[in-house]
Amino acid sequence: MSGAGAAAASVPDQGEPPPPEDARAQVAAGDREEGATVDDQGDPEIVKSPSDPKRYRYIELSNGLRALLISDFSGADGEGGDGESAEQEEEQEEEEGGEEDEGDSGEGSEEEEGDRSEEEQDSDFEELEEENPVKKKKSSEKQAAAALCIGVGSFSDPDELPGLAHFLEHMVFMGSEKYPAENGFDAFLKKHGGSDNASTDCERTIFQFDVQRKHFRDALDRWAQFFICPLMIEDAVDREVEAVDSEFQLARPSDSHRKEMLFGSLAKPGHPMGKFCWGNAQTLKHEPREKQINTYERLRDFWRRYYSAQYMTLAVQSKGNTLHLFIPNVGEPRPDFSRLQQPFDTPAFNKLYRVVPVRKVHALTISWAVPPQGKHYRVKPLHYISWLIGHEGTGSILSLLRKKCWALALFGGNSETGFDQNTTYSIFSISITLTDQGYQNFYQVVHFVFQYLKMLQTLGPQQRIYEEIQKIEANEFHYQEQTDPIEFVENICENMQLFPKQDFLTGDQLMFEYDPQVINAALSLLTPDRANLLLLSPENEGCCPLKEKWFGTCYSMEDIPEEWAERWAGDFELNPELHLPAENKFIATDFTLKTSDCPDTEYPVRIVNSERGCLWYKKDNKFKIPKAYIRFHLISPMIQKSPENLVLFDLFVNILAHNLAEPAYEADVAQLEYKLVAGEHGLMIRLKGFNHKLPLLLQLIVDQLADFSTEPSVFTMFSEQLKKTYFNILIKPDRLGKDIRLLILEHCRWSVIQKYRAVSKGLTVDDLMTFVRGLKAELYAEGLVQGNFTSAVRHTHTHTDTDLKLQFQPLPAEVPVLFRVVELPLKHHLCKVKSLNKGDANSEVTVYYQVTALIKLKECEDAHLGEEVDRNWFEVVTQQYVFDRLNKEIEVLKTFTQQELVSWFLEHRNSSSRKLSVHVVGFGVEEGDQSAACSPDSATSSSAYGEVSELTFVPTSSPSLQDATLITDIRAFTSSLPLHPYHKIIN
């Protein structure tokens with residue numbers, strides 16, 4: 001379909017006919033590798049990093065669509081790792097019976113509205129994350145990717161149809177006139193190593209996909225049709241409403257989403273910040289029917305009005321690409337909400353809101369609504385302020401709160417999502433994870449924050465500090481690592497909506513100019529009388545009679561007590577322990593690329609090997625950046641001896657991180673990242689950043705490890721928090737299901753429930769110190785150094801230091817770094833339990849087949865050094881050392897036919913297969929459960945926080961599961977099962 005003002009643009013691909021005459025005027029051909037003119041090197045106005053090998057060409061079509069064409073000639077051949085063309089591959093697939101049936105993939109879009117991993121300010125300990133490197137399932141070549149950002153979002157939802165923009169984002173992907181199969185695009189991507197995603201924000205909607213380069217042209221055509229002529233058939237409406245509703249139900253137990261929704265509800269009546277942007281079955285199906293609103297017609301109207309070319313920005317990355325986009329331009333002005341300023345200039349703001357969270361956490365959020373700051377992106381005043389507020393070194397707010405054992409973490413600033421920053425306002429928030437003691441003294445905590453802000457306002461902006469941040473950001477940009485194409489284009493197409501052409505790549509990253517007036521203007525607004533307080537705590541249960549309309553969050557609203565309001569209105573004194581940070585000694589100044597001092601190798605080599613451990617090393621000569629990665633695994637047999645030892649190990653790692661937080665913070669902000677992870681069989685130490693000062697950071701960590709000690713008050717603080725952390729893991733159905741599955745399958749595995757019981761019984765500081773002394777006495781230390789270091793690294797800072805400073809003895813016997821797995825009987829077993837979260841209607845089903853072989857597809861060329869390191873570290877940490885596993889697996893995969901794989905699969909899923917199902921059943925009226933109420937007066941209301949130390953096994957009533965054998969006593973079931981030997985693929 002060619003609408004008003006439709007246009008086409010082309011950049012010739014290799015071996016492609018030239019574009020039609022009318023398109024040539026739009027774009028100069030710029031993707032020939034040899035004999036390129038200066039113009040061919042890309043658009044000189046677009047500022048890019050010196051370490052960025054890509055070329056950029058900006059075009060604006062006559063229909064108003066703006067596009068950035070990104071040519072990436074780095075990496076593998078554009079025709080794929082095996083040199084086959086797309087046509088050859090198609091022929092081969094057809095011979096093997098692999099004809100594409102686009103209609104029955106059964107897969108919808110991998111929609112992810114918001115961040116479901118709950119990486120929010122009041123999150124649980126990061127140190128309890130699992131040590132599992134991400135394994136990609138893509139092609140052995142670089143991916144090509146495209147992303148489209150449309151300048152319309154949930155703010156444009158009609159008042160009577162909340163969630164319509166989000167619903168349309170789903171519906172456009174249900175087939176097009178040219179490619180009518182409902183799930184055809186997802187099936188095409190899945191077949192060719194690709195993925196897609198989409199998200200709806202307040203004022204923008206983004207769609208993105210990636211695929212193997214050789215199939216990019218086809219994929220781009222299919223994808224473009226969704227914006228040119230989507231089918232949006234009426235029959236699909238009810239099905240897709242259910243998909244939107246399902247997303248909403250999954251989001252309901254998220255405290256971050258609940259906080260956002262409650263905060264938005266404080267806006268002035270009628271302001272779009274108060275809209276319910278998710279949409280659900282109630283708003284998109286049931287209520288419209290009652291009001292005789294035709295959702296389908298309104299959906300098509302919304303698409304015609306807002307999916308218009310002049311609101312669109314497109315970023316396309318490949319090895320040269322062709323672009324034909326005939327998207328109509330409706331000629332209407334884009335939606336503009338900038339007139340609706342000061343959404344929170346209302347009596348509902350500047351109060352204290354007590355909230356009952358889903359998870360067990362004490363969290364305080366102090367928020368200010370300030371004028372939109374997007375126009376100040378060159379100065380970034382909120383970034384400057386948040387850098388100081390969030391500082392963790394001496395003189396900071398968090399340093400003072402940690403000394404008092406009142407807080408565990410503090411984050412300040414603006415996330416730059418559409419909710420935090422749009423054309424109507426910008427938010428500045430300070431979120432603090434409080435301890436039990438901190439919760440009891442939360443007004444005093446707020447007072448410390450206000451004192452620090454008053455100090456900043458009195459001293460005014462500091463050029464030294466601004467230039468330090470500027471230098472750190474500039475270093476990172478200058479030597480940036482490449483990111484996955486799909487992530488890159490998603491970011492860039494949104495930047496194109498926000499910044500002028502020259503700043504597409506830099507606008508969200510660099511601090512361009514120091515302007516004290518702009519900083520002062522923002523800083524002067526962050527006063528006590530303009531702040532809103534949100535206090536999350538399980539202690540609020542029973543005193544929160546109000547209920548937020550959509551997520552059902554229980555809360556209460558109260559005025560700030562007069563005593564505190566008067567103190568903050570006056571000239572209050574500043575705590576002398578609060579002061580500005582000193583000059584940062586960890587900022588790198590040497591960016592020289594080291595010359596190799598030994599023959600280059602494709603894979604890591606062992607350069608230290610002793611009974612105490614070994615060190616693997618690889619010099620980077622591929623990505624050529626002055627950065628490096630250092631990783632250590634300190635293995636001990638003590639960790640897995642009992643649930644009590646596992647708890648003591650978690651406590652040790654968290655207190656060690658706490659002890660490091662202040663001395664290592666300067667390194668952290670200077671882009672030297674470190675992380676301590678409590679692995680299943682040892683302590684993981686992970687460092688990365690500019691190699692110049694990286695050994696200093698390792699030295700600091702080893703010193704803290706060697707001299708470990710703690711105060712009783714700190715021990716108590718972390719014991720309390722760890723109990724909450726285990727609770728918060730167990731109330732997530734997916735985590736509980738995984739815990740049960742591994743408890744059944746893995747011999748000598750201790751469950752999170754057992755750890756929760758152990759920490760609840762009570763452990764002492766003496767228990768911890770005894771455990772730590774034993775842990776440090778005998779270890780096996782295995783390390784990997786990769787990046788811009790020479791092999792002389794073995795003599796200087798890494799393995800030798802760890803050995804000498806810790807002075808540990810070798811282990812008397814080798815410690816397995818894996819669990820032995822039980823052999824399931826040849827039949828179907830089912831373990832069905834009740835969810836441990838009374839307020840969560842979501843259920844989780846896992847079906848596990850125990851088979852004789854397992855192939856992981858890890859076939860994507862590394863986009864940056866970190867991906868290569870992750871793959872090598874997996875080999876080290878599992879002690880398999882098959883560093884060329886990827887190539888070997890690809891070779892093996894080529895020997896399989898599709899029919900062989902299908903036969904293998906069917907063989908292992910028959911009625912006598914070794915099959916385990918784990919069901920975690922959610923709460924709801926369908927299950928005969930009562931709904932939770934907020935009212936403190938309700939005689940029937942019980943705590944929303946259920947008991948998590950015991951599992952409730954549930955009988956099955958489903959006819960299809962009658963043949964399954966129920967497991968109602970896990971230990972009794974597993975005790976008689978035979979064990980498989982330790983499983984490693986080492987050859």
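The figures that follow rest on heavy atoms only: side chains count, while hydrogens, waters and symmetry mates do not. In this chain, residues are counted from 1 in sequence order.
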(message) The test is side-chain hydrogen bond (donor to acceptor under 3.5 Å, both in side chains); show your working for E240 and H170 and say whether it passes.
(response) CA-CA 7 Å; E240 214 50 35; H170 277 244; 3.0 Å; yes
Indicate yes or no for a side-chain donor-acceptor contact from [X] to the backbone of [Y] under 3.5 Å, with no hydrogens or angles considered.
X: S386; Y: L382; value: yes
X: E260; Y: F419; value: no
X: N183; Y: D186; value: no
X: Q470; Y: M511; value: yes
X: D72; Y: K319; value: no
X: Q509; Y: L505; value: yes
X: Q341; Y: S338; value: yes
X: H166; Y: V244; value: no
X: S49; Y: H478; value: yes
X: S308; Y: Y311; value: no

(request) Would you check, one step at a time, whether the test side-chain hydrogen bond (donor to acceptor under 3.5 Å, both in side chains) holds for Q373 with K380? (result) CA-CA 8 Å; Q373 297 293 306; K380 295 187 173 58; over 6 Å; no
(message) Hydrogens and angles aside, do Q282 and E287 bring a side-chain donor and acceptor to less than 3.5 Å of each other?
(response) yes
(request) Using only heavy-atom distances, determine whether the side chains of K268 and Q342 contain a donor-acceptor pair under 3.5 Å. (result) no
Working to the nearest 0.5 Å, report the span between [atom1] of [X] and [atom2] of [Y].
X: L61; Y: M312; atom1: CG; atom2: CE; value: 11.5 Å
X: N280; Y: S246; atom1: CG; atom2: OG; value: 11.5 Å
X: M171; Y: L231; atom1: CE; atom2: CG; value: 9.5 Å
X: L284; Y: L164; atom1: CG; atom2: CG; value: 7.0 Å

What I'd like to find out is whether the side chain of [X] reaches to under 4.5 Å of the side chain of [Y], using heavy atoms alone.
X: P230; Y: W303; answer: yes
X: Y307; Y: V172; answer: yes
X: W223; Y: D196; answer: no

Search all heavy atoms of [X] against all heavy atoms of [Y] and return the closest pair with its distance.
X: I625; Y: Y479; result: CG2-O, 4.0 Å
X: N414; Y: I427; result: ND2-O, 2.8 Å
X: V211; Y: A219; result: CG1-CB, 3.9 Å
X: F428; Y: G413; result: CE1-CA, 3.7 Å
X: Q143; Y: G194; result: NE2-CA, 4.3 Å
X: M232; Y: L168; result: SD-CD1, 3.5 Å

(message) Under the salt bridge (Lys or Arg N to Asp or Glu O under 4.0 Å) definition, can you give me all pairs with a residue in residues 331-344, not counting sequence neighbours?
(response) none
(message) Tell me whether R222 forms a cation-pi arrangement with Y179, defined as NZ or CZ under 6.0 Å from the six-membered ring centre and within 45 degrees of its axis.
(response) yes
With sequence neighbours left out, what residues match [X] under side-chain hydrogen bond (donor to acceptor under 3.5 Å, both in side chains)?
X: D515; result: none
X: E473; result: H383
X: D157; result: none

(request) Please report the C-alpha distance between K178 and D221 in whole Å, then the side-chain angles of each, then the deciding distance to 0.1 Å, and finally whether the salt bridge (charged side-chain N to carboxylate O under 4.0 Å, His left out) criterion is met. (result) CA-CA 9 Å; K178 186 172 178 181; D221 185 46; 2.7 Å; yes
Test of ring centre spacing under 6.0 Å for [X] and [Y]:
X: F504; Y: Y56; result: no
X: F209; Y: F185; result: yes
X: F227; Y: F207; result: yes

(message) With salt bridge (charged side-chain N to carboxylate O under 4.0 Å, His left out) as the criterion, how do R378 and D503 come out once you've worked through the C-alpha distance, each side chain's angles and the decisive distance to 0.1 Å?
(response) CA-CA 10 Å; R378 295 187 68 80; D503 296 332; 3.0 Å; yes
(request) Before giving the answer on side-chain contact (heavy atoms from CB on, under 4.5 Å), spell out for L68 and R57 the whole-Å C-alpha distance, their side-chain angles and the decisive distance to 0.1 Å. (result) CA-CA 6 Å; L68 191 66; R57 182 168 304 285; over 6 Å; no
(message) Below 30° counts as parallel, above 60° as perpendicular, anything between as tilted: where do the rings of H192 and H215 land?
(response) parallel
(message) Applying ring pair (Phe, Tyr, Trp, His ring centres under 6.0 Å), can you list everything that pairs with F344, at least two apart in sequence or on another chain?
(response) F263, F349, Y425
(request) Check ring pair (Phe, Tyr, Trp, His ring centres under 6.0 Å) between Y296 and all other residues, then give those that pass, not counting sequence neighbours. (result) none
(request) Determine, stepwise, if the pair M261 / F276 fulfils side-chain contact (heavy atoms from CB on, under 4.5 Å). (result) CA-CA 8 Å; M261 205 68 235; F276 174 53; 4.0 Å; yes
(message) For F488, run the side chain to side chain contact (heavy atoms under 4.5 Å, CB included) check against I492, I486, D484 and tell me which one passes.
(response) I492
(request) Apply side-chain hydrogen bond (donor to acceptor under 3.5 Å, both in side chains) to D508 and N495, showing your working. (result) CA-CA 7 Å; D508 58 340; N495 282 0; 3.3 Å; yes
(message) Is there a side-chain contact (heavy atoms from CB on, under 4.5 Å) between I70 and V316? Walk through the geometry before answering.
(response) CA-CA 6 Å; I70 306 165; V316 177; over 6 Å; no
(message) Does E60 form a salt bridge (charged side-chain N to carboxylate O under 4.0 Å, His left out) with R66? I'd like the steps, not just the answer.
(response) CA-CA 4 Å; E60 196 165 324; R66 294 176 295 136; 5.2 Å; no
(message) Check this for me: does any side-chain nitrogen of one of R55 and D43 sit under 4.0 Å from a carboxylate oxygen of the other?
(response) no
(request) Using a strict cut-off of less than 4.0 Å between a Lys/Arg side-chain nitrogen and an Asp/Glu carboxylate oxygen, indicate whether R304 and D301 qualify as a salt bridge. (result) yes
(request) Give the C-alpha distance, both sets of side-chain angles, the deciding distance and a yes or no for side-chain contact (heavy atoms from CB on, under 4.5 Å) between I206 and E494. (result) CA-CA 8 Å; I206 298 179; E494 187 169 23; 3.7 Å; yes
(request) Would you sort out whether E203 and T423 count as a side-chain hydrogen bond (donor to acceptor under 3.5 Å, both in side chains), showing the intermediate values? (result) CA-CA 8 Å; E203 296 177 291; T423 56; 2.5 Å; yes
